[in-house]
Amino acid sequence: MSRTVAENIADITQRIQAAAIRSGRDPQGIRLMAVCKTVSPERIRQAIDAGVTCLGENYVQEAREKIPAVGHGVEWHMIGHLQTNKAKYVVQLFDWIHSLDRIEHALELDKRAGRHNRVLKVLVEVNVSGESSKNGANPSHVPALVRQISALPNLSLQGLMTMPPYVDDPELARPYFIALRRLRDEIAAAHIPGVSMAELSMGMTNDFEIAVEEGATIVRVGRAIFGDRP
Ligand SMILES: *Cc1c(COP(=O)(O)O)cnc(C)c1O
């Protein structure tokens, strides 16, 4: 028998707590994001009923249908690739953007957020592995990008996000999580005005426990909550 969304969330929450405790962290410092791409509003509501307050979407088109259906009583996080021509929807639909990796997108989002009197929380996505197929800023460009974003009044920088290469053994993802944390520490030490580096968005179904051990504050989990995607 397949397990319910609520059972999956209870199980993941326990695993997050155990990973936090064994690495000397406060479990309260870690939020579970339910990643909802391809998931129906009805199943998303099951996750909300089970206590999830943080929801992630990858595609603007899908979000435009589902976010109004589910409602804004929860936080919506954009985790997918950004496109300039979708910025106007992104600023209306989402509270957080995890996938900011270039200044052009930051300028466009800032301008549009200003028109809606909104301040968006943003994370810079970092391509820690350097794979050419991946989104995310090159780590060596991130400090300059952070400074540029810090000057934009309608974006509030909260930290960094990464997606390591896919590996079967989650232990192999650990070096990428460590690298993101070190980059975060380096930028935090520069004390750039208006910049918080409190958040590390890292860890998915296969590797969220390792990510928590290495400092994740937001883990983005899809399949372990909702089952395999079509
Ligand atoms: C799909 C996705 C996730 C969730 O992946 P699962 O393996 O289903 O947990 C997390 N982050 C991003 C950016 C994604 O696109």
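Both ligands and their constituent atoms are indexed starting at 1 by order of listing. This structure is a prediction, so every number in the text was calculated from the model and none was measured.
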| note | A student checking ligand 1 against M163 at a 4.0 Å heavy-atom cut-off should list atoms 12 (C), 13 (C)

| task | Report, in ascending order of atom number, the atoms of ligand 1 lying under 4.0 Å from any heavy atom of R223. | result | 6 (P), 7 (O), 8 (O), 9 (O)

| field | Element-labelled atoms of ligand 1 that are located less than 4.0 Å from some non-hydrogen atom of K37 | value | 1 (C), 2 (C), 3 (C), 14 (C), 15 (O)

| task | Please determine, by modelled atom types, if T217 and R31 share a side-chain donor-acceptor pair under 3.5 angstrom. | result | no

| message | Could you check whether T84 and E108, counting side-chain N and O atoms only, form a donor-acceptor pair closer than 3.5 Å? | response | no

| field | For I79, the ligand 1 atoms whose distance to one of its heavy atoms is below 4.0 Å | value | 11 (N), 12 (C), 13 (C), 14 (C)

| message | Would you say that more than 12 heavy atoms from the other residues, nucleotides or ligands in this model lie under 6.0 Å from the CZ of R182, or not? | response | no

| task | For R220, counting its heavy atoms only, list the atoms of ligand 1 lying under 4.0 Å from any of them. | result | 4 (C), 9 (O), 10 (C), 11 (N), 12 (C), 13 (C)

| task | Report yes or no: is the cationic atom of R64 (NZ for Lys, CZ for Arg) closer than 6.0 Å to the six-membered ring centre of Y89, at no more than 45° off its axis? | result | yes

| query | Are side-chain N/O atoms of Q83 and H81 paired as donor and acceptor at under 3.5 Å? | reply | no

| Looking only at side chains, do S150 and Q148 share a donor and an acceptor under 3.5 Å apart? | no

| Is ligand 1 less than 4.0 angstrom away from at least one heavy atom of M33? | no

| Numbering as shown, the atoms of ligand 1 that approach N58 to under 4.0 Å (heavy-atom distance) | 14 (C), 15 (O)

| message | Can you name the atoms of ligand 1, numbered from 1 with element, that are less than 4.0 Å from a heavy atom of V221? | response | 9 (O)

| Using heavy atoms and a threshold below 4.0 Å, how should the contact between R229 and ligand 1 be classified: side chain, backbone, both, or neither? | side chain

| Going by distance only, is there an N or O of G222 that falls short of 3.5 Å from an N or O of ligand 1? | yes

| message | Give me the nearest non-hydrogen protein atom to atom 6 (P) of ligand 1 as residue plus atom name, then the distance to 0.1 Å. | response | T205 OG1, 3.4 Å

| What do you reckon, is CD of E7 surrounded by more than 12 foreign heavy atoms closer than 6.0 Å? | yes

| said: Could you identify the single nearest non-hydrogen protein atom to atom 10 (C) of ligand 1 and state the distance to 0.1 Å? | reply: M204 SD, 3.3 Å

| task | Tell me, yes or no, whether the heavy-atom count around R147 atom CZ, taken from other residues, nucleotides or ligands under 6.0 Å, exceeds 12. | result | no

